[in-house]
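Numbering of ligands and ligand atoms starts at 1, following listing order. The chain is numbered in sequence order, starting from 1.
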Amino acid sequence: MSVQSKIRRNTVPQIAARKGGEPIVSLTSYHAHTAAIVDKYADFILVGDSLGMVMHGMESTVGVPLELMIMHGKAVVRGTQKALIVVDMPFGTYEESPSVAFRNAAKIMKETGCGAVKLEGGARMAETIRFLTERGIPVMAHIGLTPQSSHVMGGFKTQGRDEDSWPLHEADAKAVAEAGAFAVVLEGMVEPLAAKITKQIDIPTIGIGASADCDGQILVLEDMLGLNEWTPKFVKVYGNLGPAIEQAVSDYADEVKNRTFPGPEQVYR
Ligand code: KIV
C-alpha cells in the first residue's frame with residue numbers, strides 16, 4: 001500500500017451530497033503550509049486562479065498560465081490530507097473546445113493529484129462540462145461575477161442588480177447543473193438571486209459575496225486574514241495578520257540595525 005493511499009480525502013460525491021445539508025466550508029489556498037492549516041476545517045480547498053493577483057501581483061486573473069496553477073496545485077495537494085482539492089482552469093485553457101478543455105483538465109489532474117477542476121461560465125460552458133464529466137473529470141462551475149471575463153463585463157461588478165437579468169443567471173445555474181457539474185460557485189451576486197438559485201438547482205451552491213443562504217461559502221484566504229491591502233467590501237476580516245507581519249519585520253529590522261539581534265546561544269530552544 002502506498003503512503004498516498006492512506007490519505008482519506010473528501011470526495012466529490014460527498015460534497016455533492018451536502019446539498020441542503022450541513023453548510024460546506026471552503027477557502028482558497030496556494031501553498032503547502034497554509035493549506036495544511038485550512039485542511040483541518042475546510043471541506044474543500046480551491047487553488048484559485050486569484051493566486052495571480054494575490055501572490056503574483058497581476059492586475060487580473062487573465063494572465064495566469066496553466067503551469068502556475070499546476071505548481072501551486074501540487075503544493076496544496078502535498079500539504080493536505082482531508083479536504084477535496086479543486087484547481088481552477090485558467091483563462092484560455094478550456095473555452096476553445098471541449099477537447100482542449102479535456103486535455104488541459106486531465107493535465108491538471110494528473111500532475112497535481114487534485115480531485116476536481118473549476119471553470120467559469122454558465123450555459124455557454126455546458127457542453128464542455130458534460131464532455132469532461134462523462135470522461136472522468138469532476139467539474140465545479142462558477143457563474144455570476146466571473147473574473148476571467150472582467151474585460152467583457154467592464155470590471156468586477158455585482159451581478160443581478162437589475163432584476164431583468166435574473167433569468168439569464170438562473171438559466172446559467174440550471175445549465176451547469178444539468179450538464180453534470182457537482183457544485184457551482186455563485187460569485188458577486190445580489191443576495192435574493194443567489195438564494196433563489198440555491199432553491200432551484202439540486203447541486204450545492206458555494207457563495208462568495210452572494211448569500212448566506214448558499215449551501216456553502218468560500219473566501220480568498222489572504223482576504224479574510226487581512227493580508228491584502230484591498231479586499232472586496234463583502235469580506236469579513238477574521239484575522240488582521242498584515243499589521244502583525246509588518247510589526248514582526250520592523251522589530252527584526254530594528255534589532256539588526258541596532259546590533260541587538262540575538263546570537264544563536266540566545267535563541268536555541
Ligand atoms: O480564483 C478564486 O480564488 C476563485 C474564488 C474567488 C471562488 O475563483
Side-chain angles (χ1 to χ4, degrees), residues 15 23-31 34-35 38 42-66 68-73 75-76 83-95 105 108 112 114 116-122 125 129 138-150 153 155-159 169 172-173 176 181-189 194 197-198 203-212 214-225 227-228 230-238:
I15 299 293
I24 298 165
V25 178
S26 176
L27 283 164
T28 62
S29 180
Y30 319 126
H31 346 80
T34 55
V38 172
D43 298 303
F44 78 86
I45 295 176
L46 174 70
V47 184
D49 63 352
S50 52
L51 64 81
M53 298 169 79
V54 175
M55 289 211 57
H56 296 274
M58 296 177 180
E59 281 292 311
S60 79
T61 56
V62 171
V64 174
L66 184 63
L68 202 58
M69 295 308 303
I70 291 175
M71 190 178 80
H72 286 283
V76 169
L84 171 72
I85 308 302
V86 182
V87 176
D88 254 341
M89 298 196 70
F91 179 68
T93 63
Y94 61 92
E95 301 88 336
I108 292 175
T112 65
C114 71
V117 296
K118 176 167 82 58
L119 53 81
E120 295 183 8
M125 291 315 303
I129 293 171
V139 179
M140 178 175 285
H142 182 157
I143 64 169
L145 195 171
T146 46
Q148 292 176 12
S149 315
S150 61
M153 290 177 152
F156 299 98
K157 290 184 182 153
T158 302
Q159 302 296 298
H169 296 293
D172 276 344
V176 298
F182 71 94
V184 56
V185 170
L186 307 183
E187 178 166 358
M189 195 179 264
I197 288 176
T198 299
I203 59 171
T205 57
I206 311 296
I208 172 160
S211 163
C214 288
D215 298 298
Q217 301 294 330
I218 185 163
L219 285 177
V220 171
L221 181 67
E222 282 77 357
D223 283 346
M224 61 88 90
L225 291 180
L227 281 170
N228 291 331
W230 178 87
T231 43
K233 275 191 266 176
F234 62 80
V235 175
K236 176 175 170 188
V237 176
Y238 287 81

Enquirer: Is it true that a side-chain atom of Gln217 and a backbone atom of Ser211 form a donor plus acceptor pair closer than 3.5 Å?
Expert: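 Yes: the side chain of Gln217 pairs with the backbone of Ser211.
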Enquirer: Looking at every heavy atom in both Ile197 and His169, which two are closest together, and how far apart are they?
Expert: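 It is CD1-O, 3.8 Å.
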Enquirer: Grab the two heavy atoms, one from Met140 and one from Val185, that are nearest each other, plus how far apart they are.
Expert: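 Nearest pair, atom of Met140 first, then Val185: SD-CG2, 3.9 Å.
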Enquirer: Residues in side chain to side chain donor-acceptor pair (under 3.5 Å) with Thr198, at least two apart?
Expert: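 Listed in chain order: Thr205.
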Enquirer: What heavy-atom pair brings Gly52 and Val64 nearest, and what distance separates the two atoms?
Expert: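 It is CA-CG2, 3.7 Å.
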Enquirer: Strictly distance-based, threshold 3.5 Å: is any side-chain N or O of Ser26 a donor or acceptor partner for the main-chain N or O of Phe44?
Expert: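 Yes; at least one donor-acceptor contact below 3.5 Å.
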Enquirer: What are the atom names and distances for all N or O pairs under 3.5 Å between ligand 1 and the protein?
Expert:
unit_1, atom_1, unit_2, atom_2, d
ligand 1, 1 (O), Asp49, N, 3.2
ligand 1, 1 (O), Asp49, OD1, 3.0
ligand 1, 1 (O), Ser50, N, 3.0
ligand 1, 1 (O), Ser50, OG, 3.3
ligand 1, 1 (O), Asp88, OD2, 3.1
ligand 1, 3 (O), Ser50, OG, 2.5
ligand 1, 8 (O), Lys118, NZ, 2.9

